[in-house]
There are 2 protein chains.
Amino acid sequence: MITPHFMPEFPIGQLSRKTGVSVRTIRYYESIGLLPVARRSGGNQRLYTASHGERLQFIRHCREFGFSLEEIREMVQLGSDQARSCSEIDQIACRRLEEVKRKIVRLRGLQAELERIIAGCQGGQMDSCQILSSLADHRQCLHPEHGGIDEDEHHWRE
Amino acid sequence: MITPHFMPEFPIGQLSRKTGVSVRTIRYYESIGLLPVARRSGGNQRLYTASHGERLQFIRHCREFGFSLEEIREMVQLGSDQARSCSEIDQIACRRLEEVKRKIVRLRGLQAELERIIAGCQGGQMDSCQILSSLADHRQCLHPEHGGIDEDEHHWRE
DNA sequence: CTTGCAGCTCCAGCGACTGGAGGTTGGATC
DNA sequence: GATCCAACCTCCAGTCGCTGGAGCTGCAAG
């Protein structure tokens with residue numbers, strides 16, 4: 001791939017402003033091979049072109065959808081192979097959708113239970129705190145949806 | 001604090017089975033000061049009592065509700081101060097509830113958008129993959145709930 | 001006495017960044 | 001030309017909540 005001399009290049013800060021991805025994160029994406037290595041100026045500064053911008057927008061949008069960097073890497077690779085059918089991309093997206101649905105169900109259980117617990121709080125002293133005793137005793141719980149500390153919650157606190 | 005000789009003590013594996021928290025995680029909680037340091041046997045093995053079990057159940061249940069370890073630590077400390085009002089606990093729980101609600105809204109936007117994108121897939125070749133192009137271009141997105149950053153100036157691909 | 005599981009400590013890694021230190025470059029102004 | 005300062009560079013370490021693995025010791029049963 002050739003970069004014609006009239007193709008405008010810009011430094012990392014500008015790419016950051018254009019895409020809303022932080023400078024640090026851009027360098028990080030390069031370091032893990034998600035974003036192609038940028039050409040450098042004489043003074044060792046990265047120079048980007050519009051195509052970097054497009055790739056980065058793609059990555060950013062995927063991240064907003066909750067795709068992992070590994071999934072994005074996979075999609076980028078699949079996407080560059082024009083001859084292939086897009087059923088693999090479809091699969092990744094469907095997997096992601098199922099995950100999102102499961103998470104919603106779980107969070108709704110959580111919401112109902114938290115609302116119930118909070119509603120029981122009369123603002124009294126500690127020794128009669130309903131929230132604490134509800135949290136201490138699982139048997140009081142009406143909604144089992146949030147049972148099992150699994151992959152969901154603890155990797156997903158953004 | 002005295003541990004009467006009739007108070008049954010048990011090793012870490014048993015505590016793990018009783019509470020459903022892994023041995024590794026129990027040791028981890030001790031190391032970060034969330035679980036009180038256990039008495040040791042002659043052979044340097046941890047010995048737990050029922051009160052450790054109760055504390056650990058509380059922690060586990062809180063984790064299932066999505067509270068962070070920091071929040072749990074705070075609640076444990078507040079809870080041990082009998083004289084204090086439980087409004088602080090209430091605040092923590094409400095904060096958590098708001099977070100859960102926000103997450104649900106966001107995820108619902110995500111779900112709708114993913115469904116829309118996936119529905120557009122005709123299973124063709126890569127060069128016409130609707131999923132890829134939808135993910136690449138935020139302007140095609142109907143649901144702004146999952147956006148974090150305003151995209152004013154992405155003026156490439158005029 | 002041997003087997004074998006349960007326990008111990010310590011270090012490292014996960015994902016997706018972020019913080020901070022400490023040095024260099026580029027463009028504008030004096 | 002000198003100076004200034006923001007933007008850039010690299011490198012290491014930390015975040016959160018664990019988990020994996022190495023390599024050791026403790027303990028009860030056969």
Side-chain angles (χ1 to χ4, degrees), chain A residues 9-35 37-48 52 56 58-76 96 99 103 146 148-158, chain B residues 9-35 37-48 52 56 58-76 96 99 103 148-149:
Chain A
E9 291 180 310
F10 42 89
I12 197 166
Q14 214 164 314
L15 182 66
S16 169
R17 257 166 280 128
K18 274 179 180 170
T19 57
V21 177
S22 80
V23 167
R24 301 298 300 271
T25 302
I26 295 171
R27 285 198 281 252
Y28 172 69
Y29 286 166
E30 185 188 289
S31 79
I32 61 166
L34 200 57
L35 202 61
V37 173
R39 206 173 80 81
R40 298 290 181 117
S41 73
N44 197 33
Q45 306 204 347
R46 289 170 180 85
L47 294 173
Y48 292 98
H52 286 97
L56 193 51
F58 176 79
I59 295 170
R60 185 199 142 192
H61 204 186
C62 286
R63 286 296 298 140
E64 281 164 5
F65 274 89
F67 290 94
S68 71
L69 293 185
E70 216 33 64
E71 283 172 321
I72 297 171
R73 189 199 303 278
E74 213 179 323
M75 288 197 282
V76 164
R96 182 75 199 118
E99 235 174 274
K103 237 171 233 172
H146 55 87
I149 307 176
D150 49 30
E151 77 282 14
D152 271 343
E153 266 306 297
H154 56 281
H155 284 144
W156 239 80
R157 303 179 67 93
E158 56 245 72
Chain B
E9 291 180 309
F10 41 89
I12 196 166
Q14 214 164 315
L15 183 65
S16 169
R17 258 166 280 128
K18 272 179 181 167
T19 57
V21 177
S22 80
V23 167
R24 301 300 298 273
T25 302
I26 294 171
R27 285 198 283 250
Y28 171 69
Y29 287 166
E30 185 188 291
S31 80
I32 61 166
L34 200 56
L35 202 61
V37 174
R39 207 172 79 80
R40 297 291 181 117
S41 73
N44 197 33
Q45 307 204 348
R46 289 170 180 84
L47 293 175
Y48 293 98
H52 287 96
L56 192 51
F58 176 78
I59 294 171
R60 188 197 140 192
H61 204 185
C62 286
R63 287 295 299 138
E64 282 165 3
F65 275 89
F67 291 95
S68 71
L69 293 185
E70 217 34 64
E71 284 171 320
I72 297 171
R73 189 198 304 278
E74 213 179 323
M75 288 197 282
V76 164
R96 181 74 196 120
E99 231 175 277
K103 233 175 237 177
I149 315 114

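Numbers restart at 1 for each chain; the letters A, B, ... are given by sequence-line order, proteins then strands. Keep in mind it's a predicted model, so treat the numbers as computed, not measured. Values reported hereafter were calculated over all heavy atoms of this structure, with side chains retained and with hydrogens, waters and symmetry mates removed.
Between the C1' atom of dA6(C) and the CZ atom of Phe10(B) lies a distance of 16 Å, rounded to the nearest Å.
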Pairing string of DNA chain D (Watson-Crick or G-U wobble, both atom distances under 3.5 Å; | = paired to other strand) is ||||||||||||||||||||||||||||||

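In this view, Arg73(B) and Glu70(B) satisfy the salt bridge (charged side-chain N to carboxylate O under 4.0 Å, His left out) rule, not counting sequence neighbours. Applying the side-chain contact (heavy atoms from CB on, under 4.5 Å) rule to Phe58(A) yields the partners Cys62(A), Ile72(A), Met75(A), Val76(A), Leu132(B), Leu135(B), Ala136(B); only residues at least two apart in sequence or on another chain are considered. Applying the salt bridge (charged side-chain N to carboxylate O under 4.0 Å, His left out) test to Arg24(B) and every residue at least two apart in sequence or in another chain returns nothing. With sequence neighbours excluded, no residue satisfies side-chain hydrogen bond (donor to acceptor under 3.5 Å, both in side chains) with Gln14(B).
Residue Tyr28(B) places none of its side-chain N or O atoms closer than 4.0 Å to OP1 or OP2 of dC16(D). Applying the 4.0 Å criterion to OP1 and OP2 of dA16(C), one finds that Thr25(A) has every side-chain N and O outside that range.
With respect to the salt-bridge test (charged N to carboxylate O, under 4.0 angstrom), the residues Glu99(A) and Arg96(A) qualify. Using a 4.0 Å cut-off between charged side-chain N and carboxylate O, Glu9(B) and Arg39(B) make a salt bridge.
By the 30° and 60° cut-offs, the orientation of the rings of Phe65(B) relative to Phe67(B) is tilted.
When heavy atoms are screened at a 4.0 angstrom cut-off, Phe67(A) is found touching no nucleic acid atom at all.
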Counting primed atoms, P, OP1 and OP2 as sugar-phosphate and everything else as base, the B/S/- map of nucleotides 22-30 of chain D against protein heavy atoms under 4.0 Å is ----SS---

